[in-house]
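Here the structure comes first, spelled out in structure tokens, and everything after it is commentary.
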2 protein chains.
Amino acid sequence: MSPSPFLPLQDSNPQIKFFKKGTILQNKGEVHLKAFYIKKGLVRSYTIDSKGKQHVFMFAPEEWIIGDIEAYQYEHPTELFIDCLEDTELIKLKIDHLDQDQLNHEQLKKNLRLLGRRVGLLQRRVLMLMSATASERYALFLKDYPLLPNRIPQYMIASYLGITPEVLSKIRSQKT
Amino acid sequence: MSPSPFLPLQDSNPQIKFFKKGTILQNKGEVHLKAFYIKKGLVRSYTIDSKGKQHVFMFAPEEWIIGDIEAYQYEHPTELFIDCLEDTELIKLKIDHLDQDQLNHEQLKKNLRLLGRRVGLLQRRVLMLMSATASERYALFLKDYPLLPNRIPQYMIASYLGITPEVLSKIRSQKT
DNA sequence: TAAACTTCTTAATTTAGATCAATGCATCTC
DNA sequence: GAGATGCATTGATCTAAATTAAGAAGTTTA
């Protein structure tokens, strides 16, 4: 797993919430968005395209933050669903905690580093999607996230990589 | 064009530099990275993959900032080349101006918004690369960047969209 | 203005990966 | 413990887009 992000703003009294596997935390079309800091468990965000197909945008295991920064920044309803892949403990954050006035200097700098890393991750993902073959994509995924494959169904990994589950299955069988 | 970013840190005495079309501003493998604020002209970043093929990562016209945040954040040599597509006036920025200590509260908040928008742009790009057909990609590009097509050779637009110039040519001829 | 590059277009061929379909296993659950 | 549901595997097609190739315009340069 890549170097983990961190909590951008400690609520004075952060409330940990519990959710069962399968719970939907955010639906497409919602406007007043939250972000979620994952204490324990595994969460994912995804879109559903015009043909009804799911595309995994990201996975968030322990210590990650997940939310829709795009919708927040550009002020429109979210395209992303967010749901729990495992029983999960998390802290709800207001997404505008990123740049709120009351934040102090240190907290703002933390958030900058957090966002910088996210930009970096996305840059690598874009370049991968533009140039890598199916098996190169899987190899990169294993390198970046060595621990996740055991916790995530393969068809979701395939979706994250932009390939079909059938192709991923074939790649894995060839690798033996 | 999407809402434009802005200068994250005004140097007390910013030095405008001039470069001719074709000038390379950054080479793959460089370590002490700059970012560039474009006053006038057009600049692009791209990678070259193992088969020698170019992939355009982004275009930066007037008022945009371009650099390699990924390499900066993860502290490794850059994968990105940066060059001028037009004669260009720009201001060189230290890339660590993003989160440097001497920045005041307002400047940090500006930088947060800047990075937030970049995350948003990249999120949309990832989802596009995962789900859109060649002609859907071109349609999205025209919507997001209505002014750029006249300034950029088509084979570079194709590269940005992750398709071949031949396919883009066919799409454009059908659209008439 | 001739030669040399660039860029775009068009068409024929190939291919990686998608789609479709059938089967085998686990796990739930009633 | 019988049926249902969810997921992985395998193989047979299909297809969108890549590759290859060649020529037409347009631009630079010398």
Side-chain angles (χ1 to χ4, degrees), chain A residues 20-24 42 44 46-56 59 81 83-87 127-142 148-176, chain B residues 20-24 42 44 46-56 59 81 83-87 127-142 148-176:
Chain A
K20 292 221 69 112
K21 176 177 174 175
T23 309
I24 292 178
L42 183 59
R44 135 251 218 193
Y46 63 98
T47 50
I48 298 181
D49 70 19
S50 51
K51 287 146 216 137
K53 201 191 281 182
Q54 286 188 6
H55 302 277
V56 173
F59 299 109
F81 296 83
D83 66 2
C84 302
L85 300 184
E86 299 174 355
D87 293 349
L127 292 173
M128 174 200 81
L129 289 169
M130 290 205 297
S131 66
T133 65
S135 79
E136 289 167 346
R137 291 177 194 203
Y138 185 57
L140 284 171
F141 178 75
L142 288 181
L148 281 191
N150 318 301
R151 295 171 68 182
I152 302 176
Q154 282 189 28
Y155 74 92
M156 286 190 194
I157 297 175
S159 172
Y160 177 87
L161 296 176
I163 61 181
T164 57
E166 290 91 340
V167 169
L168 182 53
S169 172
K170 275 163 202 170
I171 286 166
R172 291 193 71 245
S173 70
Q174 285 160 19
K175 285 258 166 80
T176 321
Chain B
K20 292 221 68 111
K21 176 176 172 174
T23 308
I24 292 178
L42 183 58
R44 134 254 218 193
Y46 62 99
T47 50
I48 298 181
D49 70 19
S50 51
K51 287 145 216 140
K53 202 192 278 182
Q54 284 184 220
H55 302 276
V56 173
F59 299 109
F81 296 84
D83 66 1
C84 301
L85 300 183
E86 299 174 356
D87 293 350
L127 292 173
M128 174 200 80
L129 289 169
M130 289 206 297
S131 67
T133 65
S135 78
E136 288 166 345
R137 291 176 194 205
Y138 185 58
L140 284 171
F141 179 75
L142 288 181
L148 281 190
N150 318 301
R151 296 171 68 181
I152 302 176
Q154 280 187 30
Y155 74 92
M156 286 190 194
I157 296 175
S159 172
Y160 177 87
L161 296 176
I163 61 180
T164 57
E166 290 88 344
V167 169
L168 182 52
S169 173
K170 270 169 206 162
I171 286 166
R172 291 193 70 245
S173 70
Q174 285 160 17
K175 284 259 167 78
T176 322

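What you see below is based on every heavy atom in this structure, not just the backbone, and it leaves out hydrogens, waters and symmetry mates. This structure is a prediction, so every number in the text was calculated from the model and none was measured. Reminder, nothing fancy here: chain letters follow the sequence lines and each chain counts from 1.
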Nearest-angstrom distance from the residue atom NZ of A:K21 to C1' of D:dC7: 11 Å
Per nearest nucleotide of DNA chain D, the residue lying toward the 5' end, A:P153 or B:A134, is A:P153
Residues passing the side chain to side chain donor-acceptor pair (under 3.5 Å) test with B:R137, sequence neighbours excluded, are none
Are any of the side-chain heavy atoms of A:R151 and A:L85 separated by less than 4.5 Å? no
When you measure from the side chain of A:S135 to the backbone of A:I171, do you find a donor-acceptor pair of N or O atoms at a distance under 3.5 Å? no
Rounding to a whole Å, what distance do you find between B:R151:CZ and C:dT7:P? 16 Å
Could you check B:I157 against B:L148 for side-chain contact (heavy atoms from CB on, under 4.5 Å), going step by step and ending with a plain yes or no? CA-CA 9 Å; B:I157 296 175; B:L148 281 190; over 6 Å; no
Spacing of CE belonging to B:M156 relative to OH belonging to B:Y46, to within rounding of 0.5 Å: 8.0 Å
Is B:T164 near enough to D:dA17 that one of its side-chain N or O atoms lies under 4.0 angstrom from OP1 or OP2? no
Report all interatomic pairs (protein N or O, nucleotide N or O of nucleotides 9-11 of chain D) with separations under 3.5 Å.
from: D:dT9; atom 1: OP2; to: A:Q154; atom 2: OE1; distance (Å): 3.3
from: D:dT9; atom 1: OP2; to: A:S169; atom 2: OG; distance (Å): 3.2
from: D:dT9; atom 1: O5'; to: A:S169; atom 2: OG; distance (Å): 3.3
from: D:dG11; atom 1: N7; to: A:K170; atom 2: NZ; distance (Å): 3.4

Only residue of A:Y138, A:Y155, A:F141 satisfying ring-ring contact (aromatic ring centres under 6.0 Å, His included) with A:Y160 is A:F141
What is the distance, rounded to the nearest whole Å, between atom CG of B:L85 and atom P of C:dT7? 10 Å
B:N150 CG - C:dT7 P separation (whole Å): 16 Å
Euclidean distance, atom OH of residue A:Y155 to atom C1' of C:dG17 [Å, nearest integer]: 21 Å
Let's see if you get this right: which residues in residues 46-54 of chain B place a heavy atom under 4.0 Å from DNA chain C? none
Using modelled atom types only, decide if a donor and an acceptor are shared between the side chain of A:D83 and the backbone of A:T23 within a distance under 3.5 Å. no
Distance-only, no hydrogens or angles: does the B:D87 side chain make a donor-acceptor pair with backbone N or O of B:K21 under 3.5 Å? yes
May I have the distance from A:I152 (atom CD1) to D:dG6 (atom P), rounded to whole angstrom? 19 Å
Can you tell me how far C1' of C:dT19 sits from CD1 of A:I163, to the nearest Å? 15 Å
Please test B:M128 against B:L161 for side-chain contact (heavy atoms from CB on, under 4.5 Å), starting from the C-alpha separation and ending with a verdict. CA-CA 9 Å; B:M128 174 200 80; B:L161 296 176; 4.3 Å; yes
